[in-house]
Amino acid sequence: MTKKTDQDVMRENNKKLVLKTLFNAGQTSRSSIASAIHLQKSTVSSIVRELHEEGLIEELGIGESSHTGGRRPNLIQFNYRYGYVLAFDMGARHLRYSVNYLNGEVIQKESLRLTGRNIKDVFQMMREVISGLKAFDTMKGLLGIAVSTHAPVHKNEIRYSPFLELDSFSLLTALEEVVDVPIEFENEANLTAISIRDFWYYSGEEPLQNLLALNIHNGIGVGTIINEQLYYGVQGLAGEIGRSVICKDKQVYRLEELYSEKAIMEKIAKHENKPELTVDEFAALIKKKDVFVLEVVDEWITAIAQITYNLVQYSAPEAVFLSSRSLSQFPDLLDRISEEYQALDPLGETRIEFTPHDIYDSSLLGGVALISRQVLGLESQDLIFKK
């Protein structure tokens, strides 16, 4: 393999800078890009020509001259319809998917009910979705696939799953036999953290460099962004906070055995003499101010505040984003969690918020950003995605 020269490396880095600037800018011009990233206009023009030949740039025509007059610029923009990406989320009961342009804009999304727990059944559903995809008015069609899993991932394989029967079946290998595009697997809490980093609009604030996504669903997981990069830990096991141990009533439990959304709902379902409880039924009991349910919720709020406090003491993020299907229906509960958190006298000024977009969309959007970055070769660049 021919070793890259310093000039080749510089050219490649400059190309990434131009592409990143185009991706984030919307309508712009060659001279504006050159000014923004401090490159010679001739260098930018050469790179833009190359990107145009690859199909990554749209020519928009002549724009207006600046307030100082002068030559009117030729406007260009990143071609978001160069292709599209597909993101799956494998939940305990549903397979959700979203088809998005490279900038994040949704083309199509749907939630499918899982009929079994075997990973081979999930694969069959994925294959049907893939076979039904169209070009969606793009040049290249499908460019890549991201798969969100509610389980740890290492070297692009699911390590284990508490919800699905894996049976030594390689979902990655099976998908690669169906379609020849990059495929990336990632933990759903990690993808939630990525979605917050890449899709969150900060209303004039500086983007967050350090954040935690605390997902409380059937289990409890944390996605961690440190210096704008996702932290994986050894073998992708960072963030498995639900497996932490806690002593209660002289017994040792896993944290998620007591305080996951699933554990809370199972406790209430048992009290209600029901085999299971839906999120809507749980929310209705809270609204009804059922005495037992409110006591359980009070304990849950205290536990979440303490979990958040401990996480903050360790990683000192700028913000913690909570994600829970039931809690998100009651904004006042976030206030109570924040109050109990502050009562613990934390150091620093970490803010606590609910995940900014629909919790069902979070891991899908994170998957879209993950695979779009890989397709474009912009894994470590500051990109602004759109919903």
Side-chain angles (χ1 to χ4, degrees), residues 80-138 140-151 153 156-158 161 163-164 166 169-196 198-199 213 215 217-218 221 223 323 325 355 357-375 385-387:
Y80 297 114
R81 299 199 175 195
Y82 173 75
Y84 63 84
V85 297
L86 170 64
F88 286 109
D89 176 74
M90 299 190 301
R93 298 181 179 180
H94 293 83
L95 175 68
R96 299 179 176 87
Y97 74 89
S98 183
V99 182
N100 300 60
Y101 293 120
L102 282 174
N103 68 337
E105 291 182 36
V106 177
I107 302 171
Q108 171 184 318
K109 66 178 181 178
E110 190 173 353
S111 177
L112 306 172
R113 181 81 175 182
L114 289 180
T115 55
R117 289 171 51 87
N118 195 290
I119 193 68
K120 293 178 183 178
D121 297 326
V122 178
F123 165 66
Q124 294 297 337
M125 296 175 71
M126 288 182 169
R127 184 164 64 177
E128 289 179 13
V129 171
I130 294 169
S131 65
L133 294 175
K134 306 172 184 177
F136 296 114
D137 194 28
T138 60
K140 299 291 186 178
L142 178 64
L143 297 173
I145 298 173
V147 181
S148 168
T149 74
H150 294 242
V153 174
N156 219 20
E157 289 282 358
I158 305 170
S161 173
F163 311 118
L164 294 172
L166 301 181
F169 176 79
S170 174
L171 181 57
L172 174 62
T173 300
L175 288 172
E176 287 176 337
E177 291 175 356
V178 173
V179 63
D180 184 22
V181 296
I183 301 171
E184 289 292 324
F185 285 72
E186 188 51 81
N187 172 267
E188 56 91 22
N190 286 346
L191 290 178
T192 297
I194 289 174
S195 75
I196 296 168
D198 288 354
F199 283 86
N215 285 14
H217 303 307
N218 286 338
S323 177
R325 296 167 298 174
T355 302
H357 28 253
D358 190 298
I359 61 171
Y360 293 119
D361 288 345
S362 297
S363 60
L364 291 173
L365 290 173
V368 169
L370 178 73
I371 204 69
S372 293
R373 285 175 171 277
Q374 180 177 334
V375 167
F385 288 81
K386 301 176 181 177
K387 290 178 64 177

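Under the 4.5 Å side-chain criterion, counting only non-hydrogen atoms from C-beta, I130 is in contact with L175. Residues L365 and N100 meet the side-chain proximity criterion, which asks for heavy atoms closer than 4.5 Å. Residues F169 and N118 have side chains not in contact (no heavy-atom distance under 4.5 Å, counting atoms from C-beta outward). Residues L171 and M126 are in side-chain contact: their nearest non-hydrogen atoms beyond the backbone lie under 4.5 Å apart. The shortest side-chain heavy-atom distance between E110 and Y97 falls under the 4.5 Å cut-off. Looking at M125 and V129, their side chains never come closer than 4.5 Å, going by heavy atoms from C-beta outward. Contact of the L114 side chain with the M90 side chain is not registered, since no non-hydrogen atoms from C-beta on lie closer than 4.5 Å. Considering only heavy atoms from C-beta on, L364 comes within 4.5 Å of R96 through its side chain.
Shortest non-hydrogen contact noted between S372 and F385 is CB-CE2, 3.8 Å. In terms of heavy atoms, Y84 sits closest to K134 at OH-O, 2.6 Å. The minimum heavy-atom distance between I194 and A369, with the atom names listed, is CG2-CB, 4.0 Å. Shortest non-hydrogen contact noted between F199 and K386 is CE2-O, 3.3 Å. Closest approach of A151 and S161 over heavy atoms only: CB-CA, 4.0 Å. In terms of heavy-atom proximity, A189 sits nearest to G221 at CB-C, 3.9 Å.
Between atom NE2 of residue H217 and atom NE2 of residue H150 there is a gap of 7.0 Å, rounded to the nearest 0.5 Å. Within the model, atoms OG of S98 and CG of L86 stand 8.0 Å from one another, a figure rounded to the nearest 0.5 Å. R93 CZ to T115 OG1: the interatomic distance, rounded to the nearest 0.5 Å, is 14.0 Å. The OG atom of S195 sits 10.5 Å away from the CD atom of E188 when rounded to the nearest 0.5 Å. With rounding to the nearest 0.5 Å, the separation of CG in D89 from CG in L191 is 8.5 Å.
Without hydrogens or angle criteria, N156 side chain to I183 main chain gives a donor-acceptor distance under 3.5 Å.
With N215 as reference, T192 is the one residue of T355, T192, N190 to meet the side chain to side chain donor-acceptor pair (under 3.5 Å) rule. With respect to Q124, the side chain to side chain donor-acceptor pair (under 3.5 Å) criterion is satisfied by exactly one of E128, K120, R127: R127.
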Assess the residue pair V181 and L143 against the criterion (side-chain contact (heavy atoms from CB on, under 4.5 Å)); give the C-alpha distance rounded to whole Å, side-chain angles, the decisive distance to 0.1 Å, and a yes or no.
CA-CA 6 Å; V181 296; L143 297 173; 5.9 Å; no
What's the verdict on side-chain contact (heavy atoms from CB on, under 4.5 Å) for I145 and I371, showing C-alpha distance, side-chain angles and the deciding distance?
CA-CA 7 Å; I145 298 173; I371 204 69; 5.8 Å; no
Worked check of side-chain contact (heavy atoms from CB on, under 4.5 Å) between L172 and E176:
CA-CA 6 Å; L172 174 62; E176 287 176 337; 3.6 Å; yes
